[in-house]
Amino acid sequence: QVQLVESGGGLVQAGGSLRLSCTASGNIPLYSMGWDRQAPGKERELVATITAAGATNYADPVKGRFTVSRDNAKKSVYLQMNSLKPDDAAVYYCSTREGPYMGRHWGQGTQVTVSE
């Protein structure tokens, strides 16, 4: 079992930045960690993932603006979000995958609001 706790969400003006953090606790492997988001009226979508070895994957809308990183010793994953747009407003969920082709575990989520 694993528990994921996110922090760092909040309200920012368009063009601003936020840094999200997530820390895992428990005894399962953390093969990959990352972030999804869900905006009102929209499906949950991938934002970014990163494996324990450092391989990353980004959704097209955030490429060049967001950076995902992790600290394996701290069992933490981070999302640096720059040049935020109103379309980035959503609840952001931390996730971890135990291994290739395995299911994900999800955190509670943290809200990001972007004003004009």
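All residue numbers in this chain count up from 1 along the given sequence.
For residues 29-83, no residue pair satisfies the disulfide bond (SG atoms under 2.5 Å apart) rule, not counting sequence neighbours. Applying the disulfide bond (SG atoms under 2.5 Å apart) rule to pairs touching residues 42-81 yields nothing, sequence neighbours excluded. Applying the salt bridge (Lys or Arg N to Asp or Glu O under 4.0 Å) test to residues at least two apart or on different chains, the pairs with a partner in residues 98-116 are Asp36-Arg104. Among residue pairs with one or both ends in residues 40-71, none qualify as disulfide bond (SG atoms under 2.5 Å apart); sequence neighbours excluded. For residues 27-82, no pair satisfies disulfide bond (SG atoms under 2.5 Å apart), with sequence neighbours left out.
With values rounded to the nearest 0.5 angstrom, Phe66 atom CZ is found 9.5 Å from Gln80 atom CD. In this structure, the separation between CE on Met33 and CZ on Arg97 is 13.0 Å, given to the nearest 0.5 Å. Residue Leu30 holds its CG atom at 12.0 Å from OG1 of Thr51, rounded to the nearest 0.5 Å.
Contact annotation: the side chain of Ser95 never approaches that of Trp35 to less than 4.5 Å [non-hydrogen atoms, C-beta and beyond]. Between Lys85 and Arg65 there is a side-chain heavy-atom pair separated by less than 4.5 Å.
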With a cut-off of 3.5 Å and sequence neighbours excluded, list every side-chain donor-acceptor pair involving residues 5-28.
unit_1	atom_1	unit_2	atom_2	d
Glu6	OE1	Gln108	N	3.2
Glu6	OE1	Gly109	N	3.0
Glu6	OE2	Cys94	N	2.8
Glu6	OE2	Gly109	N	3.1
Ser17	OG	Asn82	OD1	2.9
Thr23	OG1	Ser76	OG	3.0

Let me have the donor-acceptor pairs involving side chains of residues 39-49, under 3.5 Å, with sequence neighbours excluded, atom names and distances please.
unit_1	atom_1	unit_2	atom_2	d
Glu45	OE2	Arg37	NE	2.6
Glu45	OE2	Arg37	NH2	3.1

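Shown here are the side chain to side chain donor-acceptor pair (under 3.5 Å) partners of Gln38, two or more places apart in sequence or in another chain: there are none. For Gln111, the side-chain contact (heavy atoms from CB on, under 4.5 Å) partners are Thr113, not counting sequence neighbours. Partners of Lys63 under the side-chain contact (heavy atoms from CB on, under 4.5 Å) rule, at least two apart in sequence or in another chain, are Tyr58, Asp60.
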- [ ] Just do the side chain to side chain contact (heavy atoms under 4.5 Å, CB included) check on Asp88 and Val112 with the steps written out, would you?
- [x] CA-CA 8 Å; Asp88 295 319; Val112 172; 5.6 Å; no
Open item on the list: Evaluate Thr96 against Leu4 for side chain to side chain contact (heavy atoms under 4.5 Å, CB included), listing each step before the verdict.
Closed with: CA-CA 8 Å; Thr96 184; Leu4 301 169; 4.0 Å; yes
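Membership of the apolar cluster around Tyr93 extends to Val91, Trp106, as traced through chained side-chain contacts below 4.5 Å between ILVMFWY residues.
Arg70 places no side-chain N or O within 3.5 Å of a backbone atom of Tyr78 that could act as its donor or acceptor partner.
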